[in-house]
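Structure record follows, encoded as structure tokens.
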Number of protein chains: 2
Amino acid sequence: MFTLAEENYLKAIFHLEHEFQGEVSTNAIAESMETKPSSVTDMIQKLAEKKLLTYKRYKGVQLTAEGKKVAANVIRKHRLWEVFLVEKLKFHWDQVHEIAEQLEHIQSEELITRLDKFLGSPDFDPHGDPIPDKHGVLKRTEKKLLSEIDKNQKGVCVGVKESSPEFLQYLDKKKISIGTKIRVLGKEFFDGSMIIQVFDDQFFISKTVAENIYVQTI
Amino acid sequence: MFTLAEENYLKAIFHLEHEFQGEVSTNAIAESMETKPSSVTDMIQKLAEKKLLTYKRYKGVQLTAEGKKVAANVIRKHRLWEVFLVEKLKFHWDQVHEIAEQLEHIQSEELITRLDKFLGSPDFDPHGDPIPDKHGVLKRTEKKLLSEIDKNQKGVCVGVKESSPEFLQYLDKKKISIGTKIRVLGKEFFDGSMIIQVFDDQFFISKTVAENIYVQTI
DNA sequence: CTATATTTTTAGACTAGGCTAAAAATAATA
DNA sequence: TATTATTTTTAGCCTAGTCTAAAAATATAG
């Protein structure tokens with residue numbers, strides 16, 4: 001359907017459109033892809049030709065509905081594969097990006113449908129980023145740090161910010177992984193530490209820990 | 001490490017060396033890869049340059065130890081992914097080749113180590129072909145048809161020849177899948193039918209069925 | 001052992017995707 | 001507003017991998 005290079009451009013532009021609202025400049029694309037502006041100009045002209053984005057010379061680009069769909073689908077595949085790598089193959093959350101960059105380009109609708117089902121149709125990847133659905137629709141839900149959650153509120157762990165082996169092992173010991181429900185029982189203003197409940201265990205966590213866990217409020 | 005095209009050439013040559021012993025001709029490669037002989041000449045000169053094969057003009061090629069290792073590794077990846085697709089994602093045995101052709105080029109030692117472990121280090125792919133080990137060594141064991149097995153002998157199902165949904169459903173009903181042990185209790189010369197034992201069940205199968213199951217004698 | 005057929009290689013061209021250097025357009029500043 | 005700086009585009013070149021057409025080597029047949 002689309003070449004590897006095309007998919008990578010669409011994905012990069014998609015991310016940039018979300019990061020800064022509005023048109024995306026040639027230079028911004030070049031920087032994010034670690035390539036040269038002249039190469040970007042070449043490619044965006046081809047993508048405009050294919051109606052995947054709109055382009056006016058010197059004015060930057062904007063993805064069309066079709067372009068967005070293609071990009072979101074690549075991102076969907078990337079994030080689903082990351083879940084697979086972490087949940088099934090027991091990779092650490094910080095080892096999976098490079099491999100997912102390759103796997104995201106595998107072409108097969110059926111494969112992704114089955115992979116999604118196999119993984120239990122997850123809503124978030126191991127970094128806490130939402131996984132677009134099969135129509136490319138991205139649930140625009142803000143992920144928050146656990147430290148931002150108020151007393152008596154609950155959240156689902158959707159990822160981590162820090163991902164050192166030490167931290168991951170700590171989480172493991174505390175039985176916190178993706179999808180784990182966390183209830184904030186108490187919060188100390190003095191040092192930002194918290195008392196939380198995970199399954200039936202209640203325990204203390206430091207501010208540092210709370211600032212490195214992403215949750216989705218529920 | 002190696003490009004997609006290079007890996008595909010090495011793989012094709014590896015298969016041809018096993019199919020017909022000795023040197024592999026330019027034309028044979030071209031035919032098996034559905035490309036033109038002139039393109040093959042170009043590529044084999046590059047591969048010879050890289051010491052992956054030996055090449056004398058007009059005399060065909062032969063993989064070096066290094067070339068064989070690279071090829072066997074690609075085949076290892078291909079076959080492991082096929083096992084994943086069938087065993088975990090529940091694809092049918094005849095739907096997986098194309099997807100595995102893509103997955104076999106994903107570059108990550110660690111990924112394959114973990115995938116292999118996740119799958120229980122299988123020895124055979126869903127078509128009954130052996131999976132090379134991590135050093136590229138291919139256990140040269142002949143797969144046989146179940147119909148060739150003698151009375152009172154045992155075999156492990158390593159794959160199927162026919163792979164229509166109907167046949168696969170039949171096997172499913174009889175609880176026969178990859179790794180299943182089958183003992184031949186009796187054989188009828190008249191029509192080639194058999195009585196076999198699978199787990200604790202004993203039942204009759206026709207010659208047609210016996211001729212479409214690959215086994216490894218044990 | 002020539003003549004013909006087949007196989008293989010070479011030469012030259014093409015596309016995708018990238019680069020450098022220079023030109024053109026836009027933005028910023030005096 | 002004129003000038004300078006920045007951004008973007010164009011022009012031309014490069015590599016990987018493919019192709020066609022023609023030349024060269026090898027194999028086959030009379």
Side-chain angles (χ1 to χ4, degrees), chain A residues 1-14 16-17 19-63 67 70-71 74 101-102 104-107, chain B residues 1-13 16-17 19-63 67 70-71 74 101-102 104-105 107:
Chain A
M1 211 54 192
F2 298 99
T3 69
L4 197 142
E6 286 171 340
E7 289 192 345
N8 281 335
Y9 271 94
L10 292 172
K11 184 181 57 154
I13 295 166
F14 185 94
L16 289 167
E17 278 190 357
E19 195 169 337
F20 322 97
Q21 326 295 68
E23 285 85 23
V24 176
S25 77
T26 301
N27 262 9
I29 298 169
E31 195 177 345
S32 88
M33 297 189 67
E34 297 183 310
T35 183
K36 302 292 163 185
S38 55
S39 307
V40 174
T41 301
D42 262 16
M43 182 55 97
I44 60 186
Q45 286 173 351
K46 287 176 199 165
L47 293 173
E49 199 66 41
K50 296 188 179 185
K51 310 273 186 218
L52 293 164
L53 46 77
T54 57
Y55 164 66
K56 278 210 197 91
R57 279 152 80 259
Y58 296 97
K59 294 297 181 191
V61 301
Q62 209 166 358
L63 293 178
V70 174
V74 174
E101 288 280 299
Q102 298 179 62
E104 74 189 6
H105 301 292
I106 302 292
Q107 305 281 8
Chain B
M1 208 58 190
F2 298 99
T3 69
L4 197 141
E6 285 170 341
E7 288 193 345
N8 282 334
Y9 272 95
L10 292 172
K11 186 181 54 153
I13 294 166
L16 288 168
E17 278 189 358
E19 195 169 338
F20 322 98
Q21 325 296 68
E23 287 85 21
V24 177
S25 75
T26 302
N27 261 8
I29 299 168
E31 195 178 344
S32 89
M33 297 190 67
E34 297 184 308
T35 180
K36 300 294 163 183
S38 56
S39 307
V40 173
T41 301
D42 263 15
M43 182 56 97
I44 61 186
Q45 286 173 351
K46 287 177 198 162
L47 294 173
E49 199 66 42
K50 297 189 178 182
K51 311 271 187 220
L52 294 165
L53 47 79
T54 57
Y55 163 66
K56 280 209 195 90
R57 281 155 76 260
Y58 296 99
K59 295 296 182 191
V61 300
Q62 209 165 358
L63 293 178
V70 174
V74 174
E101 288 280 299
Q102 299 179 61
E104 73 189 6
H105 301 292
Q107 305 282 9

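FYI, side chains are in, hydrogens and waters are out, and symmetry mates aren't considered; it's all heavy atoms of this structure. Quick note on labels: first sequence line is chain A, next is B, and so on, each numbered from 1.
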Check every atom of [options] against the side chain of [X] and return the nucleotide holding the closest atom.
{"X": "B:T35", "options": "D:dC19, C:dT9, D:dT10", "result": "D:dC19"}
{"X": "B:A5", "options": "D:dT18, D:dT8, D:dC19", "result": "D:dT18"}
{"X": "B:T3", "options": "D:dT10, D:dG17, C:dT9", "result": "D:dG17"}

Distance check needed: [N] [atom2] versus [X] [atom1], whole Å only.
{"X": "B:L47", "N": "C:dT9", "atom1": "CG", "atom2": "P", "answer": "13 Å"}
{"X": "B:D42", "N": "D:dA16", "atom1": "CG", "atom2": "C1'", "answer": "10 Å"}
{"X": "B:K59", "N": "C:dT8", "atom1": "NZ", "atom2": "C1'", "answer": "11 Å"}
{"X": "B:E34", "N": "D:dG17", "atom1": "CD", "atom2": "P", "answer": "19 Å"}
{"X": "B:K56", "N": "D:dT26", "atom1": "NZ", "atom2": "P", "answer": "12 Å"}
{"X": "A:I29", "N": "C:dG17", "atom1": "CD1", "atom2": "C1'", "answer": "16 Å"}
{"X": "B:I44", "N": "C:dT7", "atom1": "CD1", "atom2": "P", "answer": "15 Å"}
{"X": "A:Y58", "N": "D:dT10", "atom1": "OH", "atom2": "C1'", "answer": "8 Å"}

Within less than 4.0 Å of OP1 or OP2 of [N], is there a side-chain N or O belonging to [X]?
{"X": "B:S25", "N": "C:dT7", "answer": "no"}
{"X": "A:R57", "N": "D:dT10", "answer": "yes"}
{"X": "A:Y9", "N": "C:dG18", "answer": "yes"}

Main-chain N/O of A:P37 paired with A:T41 side-chain donor or acceptor, under 3.5 Å: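 Pair found, side chain donor or acceptor close to backbone of A:P37.
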Is there a donor-acceptor pair closer than 3.5 Å between any side-chain N or O of A:E6 and the backbone N or O of A:T3?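 Here the side-chain-to-backbone pair exists.
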Closest-nucleotide 5' rank along DNA chain C - winner of B:N27 and A:K46: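 Taking each residue's closest nucleotide, the earlier one in sequence belongs to B:N27.
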So how far is it from A:Y55 OH to A:T26 OG1, rounded to the nearest 0.5 Å?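 If we round to the nearest 0.5 Å, A:Y55:OH and A:T26:OG1 are 6.0 Å apart.
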So, taking the atom named CG in B:L53 and the one named CD in B:E23, what distance separates them when rounded to the nearest 0.5 Å?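 These two atoms lie 12.0 Å from each other.
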Base, sugar-phosphate, or nothing: which does A:S39 touch, judged by heavy atoms less than 4.0 Å apart?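 A:S39: base contact, heavy atoms under 4.0 Å.
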Give one of base, sugar-phosphate or nothing for A:T26, where a contact means two heavy atoms less than 4.0 Å apart.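 Counting heavy atoms under 4.0 Å across all strands, the contact made by A:T26 is with sugar-phosphate only.
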Determine whether B:L16 and B:F20 make a side-chain contact, defined as any pair of heavy atoms from C-beta on separated by less than 4.5 Å.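 When only atoms from C-beta onward are counted, B:F20 and B:L16 do touch, with a gap below 4.5 Å.
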Has the side chain of B:S38 got a donor or acceptor that lies under 3.5 Å from a partner of the other kind on the base of D:dT20?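 Result: at least one qualifying N/O pair found.
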